[in-house]
Amino acid sequence: MPRLVPLRFFSHPTLEVAPQLIGKILDVDGVCGRIVEVEAYTDDPASHGYRRTERSEIMFETYGHVYVYFIYGMYYCLNFTTDRDNVGAILIRAVEPLSGIEVMRKRRGIHDLRKLCSGPGKLCEAFGIDLDFNWTKIGERVKLYHGKSGLVRTSPRIGISKATDLQWRFFEAGSPFVSR
DNA sequence: TACTGGATTCACT
DNA sequence: GTGAATCCAGTAA
């Protein structure tokens with residue numbers, strides 16, 4: 001079994017973490033992919049971290065957390081926050097599907113392996129990622145669900161709209177990768 | 001409150 | 001190569 005990447009991996013400077021993320025394996029409850037393209041964002045004008053707003057605050061406050069944002073009215077983009085001391089996040093731009101492929105195909109509605117996760121919006125759809133996963137943390141089991149009186153929040157910061165139960169994990173590149 | 005534009009994708013030409 | 005789809009966050013007023 002490949003070695004688990006510790007949370008502290010993400011505590012280092014964004015520009016150091018980003019290249020090391022290439023080749024690592026993202027596992028969201030058995031749906032797995034090898035990261036093949038990332039984009040690092042710090043405090044430059046092109047980054048949400050350029051201004052501190054309610055949305056971007058997670059980039060300032062955390063590392064090893066999930067930051068998802070909605071774009072172009074249709075797509076989500078998956079980021080992981082980085083750098084214990086500064087603002088930073090890394091956008092996952094593309095992954096190579098390794099397991100849970102049938103689940104990905106069903107979610108994406110296409111069969112072609114090459115088109116499943118070859119873009120930020122595509123991989124979010126394939127992994128079933130949306131805004132609900134904001135502020136969730138790598139390694140922690142996340143349980144999100146409906147309550148009798150409406151939405152149940154697992155944290156004061158997360159508004160939950162559907163049943164979810166998952167865990168974000170990263171593994172060191174290992175070949176061959178065998179999922180559970 | 002209203003407006004603007006966006007870390008994208010895909011169909012169509 | 002081009003343009004449409006689509007809606008939220010941020011900003012200006």
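Note that the structure is a prediction, hence the values are computed from the model and not measured. Note on naming: letters A, B, ... go to the chains in the order of the sequence lines (proteins, then strands), and numbering restarts at 1 for each one.
For the pair A:Met74 CE and B:dA7 C1', the interatomic distance rounds to 17 Å; values are reported in whole Å. For the pair A:Asn79 CG and B:dT8 P, the computed distance is 11 Å after rounding to whole Å. With rounding to whole Å, A:Tyr75 atom OH is found 13 Å from C:dC7 atom C1'. For the pair A:Arg114 CZ and B:dC10 P, the computed distance is 14 Å after rounding to whole Å. A straight line from CG of A:Leu78 to P of B:dT9 spans 13 Å, rounded to a whole angstrom.
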*Which is it for A:His48 and A:Tyr69 under the ring-ring contact (aromatic ring centres under 6.0 Å, His included) test, yes or no, and what are the steps along the way?*
CA-CA 10 Å; A:His48 292 180; A:Tyr69 61 84; 4.6 Å; yes
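DNA chain C contains the following stems of three or more consecutive Watson-Crick or G-U pairs, with both distances under 3.5 Å: B:1-6 with C:7-12, B:8-12 with C:1-5.
Partners of A:Asp44 by salt bridge (charged side-chain N to carboxylate O under 4.0 Å, His left out), not counting sequence neighbours: none found.
In this structure, the side chain of A:Arg107 engages the main chain of A:Phe127 through a donor-acceptor pair within 3.5 Å. A donor-acceptor pair is defined here as one N or O able to donate and one able to accept, closer than 3.5 Å; no such pair exists between the side chain of A:Arg84 and the backbone of A:Thr62. Listed for the A:Glu140 side chain is no donor-acceptor partner under 3.5 Å among the backbone atoms of A:Thr136. Using a distance-only test at 3.5 Å, with no hydrogens or angles considered, a donor-acceptor pair links the side chain of A:Ser47 to the main chain of A:Thr42. No donor-acceptor pair under 3.5 Å is formed between the side chain of A:Arg93 and the backbone N or O of A:Val38. Side-chain atoms of A:Thr81 come within 3.5 Å of backbone atoms of A:His65 as a donor-acceptor pair (strictly under, hydrogens ignored).
Contact annotation for A:Arg52: no contact, since no heavy-atom pair falls under 4.0 Å across all strands.
Residues in residues 71-110 of chain A take part in these ring pair (Phe, Tyr, Trp, His ring centres under 6.0 Å) pairs, two or more places apart or across chains: A:Phe70-A:Tyr76, A:Phe80-A:Trp168, A:Phe80-A:Phe170.
Residues from residues 82-94 of chain A that place a heavy atom under 4.0 Å from any atom of DNA chain C: there are none. For residues 35-46 of chain A, proximity to DNA chain B is found at A:Tyr41, A:Ala46, defined as any non-hydrogen atom under 4.0 angstrom from a strand atom.
Side-chain N/O atoms of A:Lys122 include one lying less than 4.0 angstrom from OP1 or OP2 on B:dC10.
In this model, no side-chain donor or acceptor of A:Tyr72 finds a partner on the base of C:dA5 within 3.5 Å.
We find that A:Arg51 and A:Asp43 are not joined by a salt bridge, their nearest charged nitrogen and carboxylate oxygen being 4.0 Å or further apart. Salt-bridge formation is not detected for the pair A:Glu125/A:Lys122: no Lys NZ or Arg NE/NH1/NH2 atom is positioned less than 4.0 Å from an Asp or Glu carboxylate oxygen. Ionic pairing of A:Glu61 and A:Arg52 is present here: one or more N-O contacts between side-chain nitrogen and carboxylate oxygen are shorter than 4.0 angstrom.
As rounded to the nearest Å, C:dT6 and B:dA2 have P atoms that lie 22 Å from one another.
What you find for A:Asp29 and A:Leu166 is that their closest heavy atoms are OD2-CA, 3.4 Å. Across all their heavy atoms, A:His12 and A:Arg8 have their closest contact at CD2-O, 3.5 Å.
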For nucleotides 9-13 of chain C, list the nitrogen or oxygen atoms of the protein found under 3.5 Å from its nitrogen or oxygen atoms, one pair per line.
| from | atom 1 | to | atom 2 | distance (Å) |
| --- | --- | --- | --- | --- |
| C:dA9 | O3' | A:Arg55 | NE | 3.0 |
| C:dG10 | OP1 | A:Thr53 | OG1 | 2.2 |
| C:dT11 | OP1 | A:Arg51 | NE | 2.6 |
| C:dT11 | OP1 | A:Arg51 | NH1 | 3.2 |

